[in-house]
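Single-structure report; data block below.
Computed over heavy atoms, backbone and side chain alike; hydrogens, waters and symmetry mates excluded.
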Amino acid sequence: MSPTASGSCYDFSTYTGTYFLKGALAGGVCCSITHGAACPLDVVKTRIQLDPATYNKGMLGGFRQVIAAEGVGALATGLGPTAGGYFVQGWFKFGGFEFLKVN
């Protein structure tokens, strides 16, 4: 790497507001997807914790019991707040990382 005119080995002109927004948006979307995908696991885990007498057949049995009793839509309970909350968290975590990495 050869130094730029400012004497730095980094070209800071590539780090525009759009760059930071892309990093923040990517972090928000990725956190929403990964944590949202785990939402059905949380639903079953919580049911097992709250009512161990009913949901006493393990995780796979718990999935079957929840679907049989309430339908498959019950596995998405809390998906909206989970995805929204983790979108904000990912936005600031990854957008902030990109910002602080450069500045």
Side-chain angles (χ1 to χ4, degrees):
M1 279 188 166
S2 63
T4 61
S6 65
S8 173
C9 61
Y10 297 107
D11 180 16
F12 287 104
S13 66
T14 60
Y15 300 112
T16 62
T18 304
Y19 172 82
F20 298 119
L21 284 175
K22 285 179 184 177
L25 182 63
V29 169
C30 291
C31 284
S32 292
I33 291 171
T34 56
H35 288 82
C39 195
L41 293 170
D42 274 342
V43 169
V44 174
K45 173 200 58 108
T46 303
R47 302 287 166 89
I48 292 171
Q49 289 174 330
L50 292 175
D51 192 4
T54 303
Y55 299 98
N56 57 4
K57 296 180 172 123
M59 283 300 280
L60 291 178
F63 273 99
R64 290 186 194 106
Q65 287 177 296
V66 170
I67 291 170
E70 303 173 46
V72 74
L75 294 175
T77 302
L79 179 61
T82 298
Y86 279 106
F87 180 86
V88 173
Q89 183 259 354
W91 177 278
F92 284 107
K93 179 190 279 185
F94 292 100
F97 174 79
E98 290 297 326
F99 180 77
L100 294 173
K101 176 176 76 172
V102 174
N103 292 318

Do you know the tightest heavy-atom contact between [X] and [Y]?
X	Y	answer
Q49	P52	O-CD, 3.8 Å
G36	P40	O-CD, 3.8 Å
G78	C39	C-SG, 3.9 Å
A83	S32	O-OG, 2.9 Å

For this session: Evaluate whether atom CZ of F97 has more than 12 neighbouring non-hydrogen atoms of other residues, nucleotides or ligands under 6.0 angstrom away.
Result: no

Problem set entry | NZ/K45: more than 12 non-hydrogen atoms of other groups inside 6.0 Å | yes

Find out whether [X] and [Y] are in side-chain contact, i.e. whether some heavy atom of one side chain is under 4.5 Å from a heavy atom of the other.
X	Y	answer
L41	M59	yes
R64	K57	no
F94	C31	yes

For this session: Could you go through the side chain to side chain contact (heavy atoms under 4.5 Å, CB included) check for F63 and V72 one step at a time?
Result: CA-CA 9 Å; F63 273 99; V72 74; over 6 Å; no

Flag yes if [X] and [Y] sit in one hydrophobic cluster, no otherwise; membership is Ile, Leu, Val, Met, Phe, Trp, Tyr, and two members link when side-chain heavy atoms are under 4.5 Å apart.
X	Y	value
Y15	L100	yes
F87	F92	yes
Y55	L50	no
V88	L79	no
L75	I33	no

Exercise. Looking at OG1 of T18 and CG of L25, how far apart are the two atoms once the value is rounded to the nearest 0.5 Å?
Worked result: 12.0 Å

Seminar exercise, completed: Distance col, row T16:OG1 vs K22:NZ, nearest 0.5 angstrom, shows 7.5 Å

Exercise. In chain order, what residues pass the ring-ring contact (aromatic ring centres under 6.0 Å, His included) check against F99, with sequence neighbours excluded?
Worked result: F20

For this session: Identify, with sequence neighbours excluded, every residue that meets ring-ring contact (aromatic ring centres under 6.0 Å, His included) alongside Y86.
Result: H35

Problem set entry | Contacts of D51 that satisfy side-chain hydrogen bond (donor to acceptor under 3.5 Å, both in side chains) - sequence neighbours left out | T54

Exercise. E70 and V43: side chain to side chain contact (heavy atoms under 4.5 Å, CB included), yes or no, with the steps?
Worked result: CA-CA 12 Å; E70 303 173 46; V43 169; over 6 Å; no

